Amino acid sequence: MNDVNQPDIVAFCCHYTAYACSQDLQNLPRLGFPENVRLEILPCSGRISITRLLKAFEQGADGVYVAGCWEDTCHNIRGSQIAKKRVDYVKDVLAQLNIKPERVEMYMISREPNRGFIEVAKEMTERIKRLGPSPLKGK
Amino acid sequence: MKSGSNLEKVLKSGQFAVTGELGPPKNADAEVIRTKARFLKGCVDAVNITDCQTAIVRMSSIASSVILMEEGLEPVTQMTCRDRNRIAIQSDLLGASALGMKNLLCLTGDHHKFGNHPNAVGVFDMDSVQLLQMVKNMRDDKVFQCGEELKGTEPKFFLGAAANPFADPFEFRALRLAKKVVAGAQFVQTQLVYNLEKFTAWMQAVRDLGVHEQCYIMAGVTPPKSIGMAKYMKNNVPGLDVPDEVIARLKGAKDAKKDVREEGINICVDIINQVKEIEGVAGVHIMAIEWESAVPEIAKRAGLLPRPSVS
Amino acid sequence: MIVGERKPIQEIVGMLKGMKKILILGCGGCVSVCSAGGEKEVEILASILRIDRKKGGEPIETVEKTLTRQCDTEYLEGLKDEAGNYDAILSMACGVGVNYLADMYPKTPVLPALNTSFMGVSEEQGVWSERCAGCGDCVLDRTGGLCPIARCSKRLLNGPCGGSQNGKCEISPNVACVWQLIYDRLKGLNQLEKLKDIFPVKDWSSSLHGGPRKIVREDLKL
């Protein structure tokens with residue numbers, strides 16, 4: 001996906017936030033979920049590891065984000081807060097590597113049925129379009 | 001008489017003693033010392049020469065002491081444990097004594113974190129109590145710290161220490177002074193006194209231990225130069241206790257369109273007059289840092305002049 | 001335990017300039033417990049370094065391994081067949097491990113990925129603090145079990161100094177005055193008289209100031 005207009009984005013999403021949008025994930029494109037965002041569903045956003053986030057970049061992602069529940073609504077109490085700390089760690093790593101830390105993000109969204117899940121995917125897509133392709137691209 | 005210094009003589013004679021303080025320059029200009037010394041001459045019995053105070057590189061206290069002596073004043077040479085190990089300290093003290101220095105103030109030293117070389121090694125081979133003990137043993141027992149005999153002329157210092165009545169834990173402060181006295185302190189200069197209530201309570205604890213009969217206690221004072229300085233001392237200098245009344249007095253002067261500096265001098269004189277009345281206070285140590293020119297006025301108004309001539 | 005912290009990435013990147021194949025070697029001991037140089041951290045650092053090199057168009061091959069400990073001959077010996085295969089071994093152990101690797105593999109460059117910080121405790125998840133300076137001549141019997149060498153900024157043996165206020169050290173409001181702690185503890189134990197005696201000048205020859213230290217126990221030698 002070298003097309004600047006179609007950034008390659010990996011989204012690590014908690015089961016609950018993803019299903020809050022649609023019980024059937026196959027429906028997502030129809031609801032407006034951008035096609036360039038590759039979904040990886042986790043039982044809880046707290047399961048994301050720093051290594052997985054980094055490897056997504058290593059493998060060529062232009063942007064990576066984690067979507068988890070609002071701080072106080074996580075099933076595992078602190079899952080999404082832990083995920084946020086790991087995202088912050090990766091932001092710091094990217095900054096130290098002179099890569100824009102905005103290429104990674106943590107989104108906390110409601111588990112109630114809503115379109116937040118789609119909104120953040122669109123938001124991230126727009127953001128990465130502005131930033132351009134990953135500096136690892138084509139190397 | 002351990003050293004025969006003027007300060008020792010004045011204190012021994014039972015007269016209220018006065019010491020000043022002089023911070024050497026951050027350069028090699030002897031004239032800075034001479035200029036500051038001229039303000040202090042005739043107003044004090046001896047002048048403390050700081051040893052890179054607040055861990056900022058300045059002309060050495062021993063070299064500055066020599067210049068002070070050339071101006072006809074007696075130094076209280078300060079020696080800290082921060083920058084020298086026991087070998088360097090003993091060596092420097094042999095030299096200081098040979099050059100004619102007779103008063104020595106033994107300090108641990110300000111931590112270098114606050115100075116202009118925060119990345120330096122903090123030596124701290126020993127602390128102020130151990131330093132006092134070492135120098136006392138050199139003088140009285142003619143031994144080096146290692147136990148080896150000091151053959152020939154020993155350094156003869158009148159030994160001083162610092163005490164902070166306002167630091168914590170308060171209950172231990174008088175006891176710590178007692179330790180310094182056992183270690184060898186013959187006179188002590190306190191941290192700046194603004195909180196008279198606390199100072200009075202500390203002096204009571206000191207008297208309860210009988211320490212005031214074993215060493216001369218000199219209360220540290222300084223005129224606050226501005227409201228900003230008073231606030232800075234209150235909020236930013238660890239171990240300093242500046243009550244709100246002091247700041248209020250300076251503000252009052254400012255509001256009444258009076259000279260704040262003048263009020264600062266008044267405050268200092270008031271404090272001197274009050275500490276004079278406390279049993280066991282043998283003198284004052286006036287630290288008019290970078291305001292040496294205020295000392296003659298303070299000494300005059302506090303009735304400390306003329307300074308005695310003791311032989 | 002020995003507490004360490006990974007060096008800034010650019011410092012590590014600078015050490016590896018021009019190298020094409022490295023072994024990133026973790027340690028399963030203290031630095032693993034303090035999340036600085038164990039298996040997980042090896043994986044993270046390897047990925048970071050690959051990203052950096054890929055970005056610069058000069059990829060690097062990273063081999064990841066974690067030994068049970070790097071401070072023991074028996075574990076380090078396991079590298080003898082492969083040590084020569086790398087441009088360098090980037091050790092994520094404390095300085096002890098780095099040294100010992102260098103001692104054992106004279107022909108392979110050995111580089112430190114961590115700064116060895118101190119000997120300390122894990123106060124809570126993510127917080128470590130110093131407790132012992134390894135001075136070689138323990139004084140804790142006289143100070144209520146709290147160390148003035150490791151925990152007093154001026155290593156005072158006759159503290160507290162005039163900078164102790166509200167239980168804090170003058171150097172920072174985040175640093176406890178250990179002499180206040182010693183005072184409180186001895187008071188609680190009814191042992192305040194211990195503070196009346198002057199603590200003599202310390203013999204620093206058992207610390208680093210006496211040269212590198214070594215212990216030989218004949219009873220244990222084979």
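Just so it is clear: chains get the letters A, B, ... in the order the sequence lines come, proteins before strands, and each one is counted from 1. Note that the coordinates shown come from a computational prediction; the quantities given were computed from them, not determined experimentally. What you see below is based on every heavy atom in this structure, not just the backbone, and it leaves out hydrogens, waters and symmetry mates.
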message: Quick check on the interface: out of C:G162, C:S172, C:P160, C:P200, who has the most heavy-atom pairs with chain B under 4.5 Å?
response: C:P160
Atom group of B:R86 that falls short of 4.5 Å from chain C, counting heavy atoms: side chain
- request: Sort C:K187 into side chain, backbone, both or neither according to what part of it lies under 4.5 angstrom from a heavy atom of chain B.
  value: side chain
query: In this structure, which one of B:M134, B:Q133, B:Q130 forms a side chain to side chain contact (heavy atoms under 4.5 Å, CB included) with B:Q145?
result: B:M134
- request: Against chain B, label C:K154 side chain, backbone, both or neither, depending on which of its atoms sit under 4.5 Å from a heavy atom there.
  value: both
- request: Go through the atoms of B:L240 and report whether side chain, backbone, both or neither lie under 4.5 Å from a heavy atom of chain C.
  value: backbone
message: Restricting to non-hydrogen atoms, name the atom on C:N158 and the atom on C:D197 that form the minimum distance, rounded to 0.1 Å.
response: OD1-O, 4.1 Å
query: Side chain, backbone, both or neither: which part of B:N164 has a heavy atom under 4.5 Å from chain C?
result: side chain
- request: Select one option (side chain, backbone, both, neither) describing which atoms of C:L192 are under 4.5 Å from chain B's heavy atoms.
  value: neither
field: Proximity breakdown for B:F166 and chain C, heavy-atom pairs closer than 4.5 Å
entry: backbone
- request: Pick one of side chain, backbone, both or neither for C:D184, based on which atoms fall under 4.5 Å of a heavy atom in chain B.
  value: neither
- prompt: Taking every heavy-atom pair that is under 4.5 Å apart, which of C:G167, C:G159, C:C169 has the most such pairs with chain B?
  reply: C:G159
